[in-house]
Amino acid sequence: MTPGSLRLLACAALLMAGSIFQAASAEDGYDLWLRYAKPVHKPAGAAGHVMLACEEASPTLQAALDEVSTASASVLGKTMRPTERIRGGTLILASETCRDRLPEDKAPDMAALGPEAYALKSMKVNGRKVTLVAGGSDIGTLYGTFDYLRRLASGEDVSSLDTGSTPATKLRLLNHWDGLDRHVERGYAGQSIWDWHRLPDYVDPRYTDYARANASIGINGVSLTNVNANALVLTEPYLEKVAALADVFRPYGIRVYLTARFSAPIEIGGLETADPLDADVQAWWKGKADEIYAKVPDFGGFLVKANSEGQPGPQDYGRSHAEGADMLAAAVDPHGGIVMWRAFVYSAEEPEDRVKQAYTEFKPLDGTFADNVLVQVKNGPLDFQPREPFHPMFGAMPETPLMMEFQITKEYLGFSTHLAYLGTLWEEVLETETFTAEGGAPVASVIDGSLDGHALSGMAGVANIGTDRNWSGSHFDQANWYAFGRFAWDPHASAEDIARDWATLTFGDDPDLVSEIVSLMMISREAVVDYMTPLGLTHLMGTGHHYGPAPWVDDLGRADWTPYYYHRATQDAIGFDRTATGSDAIAQYAEPWQETWGTLETTPPELLLWFHRVGWDHEMPDGETLWDSLVHHYDRGCARVVQMQRHWAALEGRVDAERFQQVSDFLAIQRQEAQWWRDASIAYWQSINGLPLPEGAAAPEHDLAYYKALSFPHAPGQGH
Ligand code: GCW
């Protein structure tokens, strides 16, 4: 071979390596926050070896070891090598049941940690410097391992660690609204990842990555199926499929839950009734629970939507929600299972203000639920709007563990094409004081069980996950999945800290880049509020699909599904009077909220039209009229989107091209749709109030008829 041909070969090899490198580093979002990119700053004190503190690796500890080797290979550029003896720079994974290789005096009291807790400690063992990940159980160790790896990937100094964490809540669940036909209700990221048809024989490797991602943020339960439930999932063939998924999730500390259709005893059990007080019905559910536990020994329990939006329930037989819940609770109780009974109830016939109905229904039932029942309550009394006050049930049912239900999928915040970081929305709810008889306490302390001393506690998030390669439909919606897990673990956490962690893990640890991304995330949700439903307006979205504005709709089969029901705009006024002169929903809140929100002058502008009906010429705190202020809020929302676009555009070249482009394209969609929301809303309000626009405000691009004529029969995610 001549030197020239050698050079050629070398060039070809280099070229190939280059293209392989490119392919391998394609940033399609699949790796989520477990990208394990090499940090700009090499983490000081990173371990070089990894050791298990016992001989036999349980599947959970094996998962931890695997994660360490995957992560170290890319974060550190070399895999941490397994070792069986303690050397300097070893990462030791230990748990309450895996500690034999650790000198007795060096093992912290892991039993005292609590089953899901962990400690990370830099220490000396046999004179050598090591890092110990100690878990109260193997799952605790896995959580601790993820924490350690997060620090490495963020370029943190890990040479003198003395930290740890304990989850504040017991149940940290994703709720999938996935159908057995793979349609995801309110899903904007493709189809359901549960491939029921191929299960149980084909177990998609993606399920393992799903479990890894969830475990890395502390999620420990998954309700697989839509709350608008199909009884079929409780039949034998489907339970086999459920068991196959449970087997994948088990090493990651994730239990499976199912939605229980209340009429299942009739539909698949051949009974004539589903009356919860009927002995045959009770026996049927007990038998069903036994059957499930025989296949899935660690089955978590049932999630139930009953007597809500057409779902069957105990009220069909004149029984209460508690009687329904307690019947199911008795069926799973011998196996240690629980029931999550949803409080999202309202009736079409009921003349009472829709936002009052859940409280009216459930408050008198406080103290009547079985010990293994939690009542799952949406964050606000309406339905996952861009902004609502907190649900008045929080703080009002001390005898019942209340579980928080957040919606991660953005049904009412622009689907997956609008960038809206929900951390700030959730933080706003969790840190609001409920003011019970004992005094002020944040909603977070109801959720973590500390306020009323409940051992059962939890948070559920309606998942935004689908078959899209990047899981969530958009890169930034991954942040909402991530933030949900972090808030479920610690409801007192800070939205900004979580955003920073996510941005670092997702886009790299360059501090300038991270702070740009975080600042964009932190303004994003308020931008959506401004261009969709400012000043306490709510539920103005298009009928059924909830895509785009439709404030003019006033003639659906049921009044409480129309935007008009919520805004009540007439020529002289707008808003829903929920004070004593109106629906008196305010009476469901404790003082001082009754006083603060019940009084026009002390109601903050962001909740004004939620609680009050006011004239278009009402004077706002800054001296503007309500009408001018409303228009300015729409304009502010649109301007914020432009600002977000600019921020993002400035990051070109600092974010990989693939993700940069998709985010840019989505921001362009968001900008157009923000404008659409603003223009359509203003055109409609003007048709009602006949007022001119404030000076300098642009007229809507089209007339009202144009916006009204738009139709979207195939908008994604609709119920069916
Ligand atoms: O948010 C609304 C949705 C419905 C959903 C319902 C619920 C699953 O529009 O699609 O049904 O709430 O939470 O039960």
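For ligands, and for the atoms within them, numbers begin at 1 and follow the listed sequence. Since this is a predicted model, take the numbers as computed values, not measurements.
Between W177 and ligand 1, no N or O atom pair is found at a separation short of 3.5 Å. Residue R342 has at least one N or O atom closer than 3.5 Å to an N or O atom of ligand 1. Considering backbone and side-chain atoms alike, N228 places an N or O below 3.5 Å from some N or O of ligand 1.
Residue Q718 places every heavy atom at 4.0 Å or more from ligand 1. At least one heavy atom of H546 lies less than 4.0 angstrom from ligand 1.
For the pair R182 and W196, the cation-pi criterion (under 6.0 Å, within 45° of the ring axis) is not fulfilled.
Considering only non-hydrogen protein atoms, atom 14 (O) of ligand 1 sits nearest to K305 NZ, 2.6 Å. Of all protein heavy atoms, the one closest to atom 12 (O) of ligand 1 is K378 NZ, 3.1 Å. Scanning the protein heavy atoms around atom 6 (C) of ligand 1, the nearest turns out to be E309 OE1, 3.3 Å. The nearest protein atom to atom 2 (C) of ligand 1, hydrogens excluded, is given as D383 OD2, 3.0 Å; this is a heavy-atom distance. Among all protein heavy atoms, the one lying closest to atom 4 (C) of ligand 1 is E185 OE2, 3.5 Å.
Residues K356 and D353 are not paired through a salt bridge, judged by the lack of any N-O separation under 4.0 Å between the basic side chain and the carboxylate.
Residues Y412 and Q407 have side chains that never bring a donor and an acceptor to within less than 3.5 angstrom of each other. Side chains of N379 and E388: a donor-acceptor N/O pair is absent below 3.5 angstrom, by distance only. R354 and Y565 form no side-chain donor-acceptor contact under 3.5 Å, judged by distance and modelled atom types alone. No side-chain N or O of E411 forms a donor-acceptor pair with one of Q385 less than 3.5 Å apart. With hydrogens and angles left out, the side-chain atoms of T603 and H612 include a donor and acceptor closer than 3.5 Å.
Listed by chain and number, the residues in a side chain to side chain contact (heavy atoms under 4.5 Å, CB included) with P398 are D366, D452 (sequence neighbours excluded). For the side-chain hydrogen bond (donor to acceptor under 3.5 Å, both in side chains) test, no residue two or more places apart in sequence or in another chain qualifies with D468.
Residue contact check: R186 has heavy atoms under 4.0 Å from atoms 3 (C), 4 (C), 9 (O), 10 (O) of ligand 1. Near E411, with a cut-off below 4.0 Å to any heavy atom, the atoms of ligand 1 are 1 (O), 2 (C), 3 (C), 9 (O). Against a heavy-atom cut-off of under 4.0 Å, F344 is close to the following atoms of ligand 1: 6 (C), 7 (C), 12 (O), 13 (O), 14 (O).
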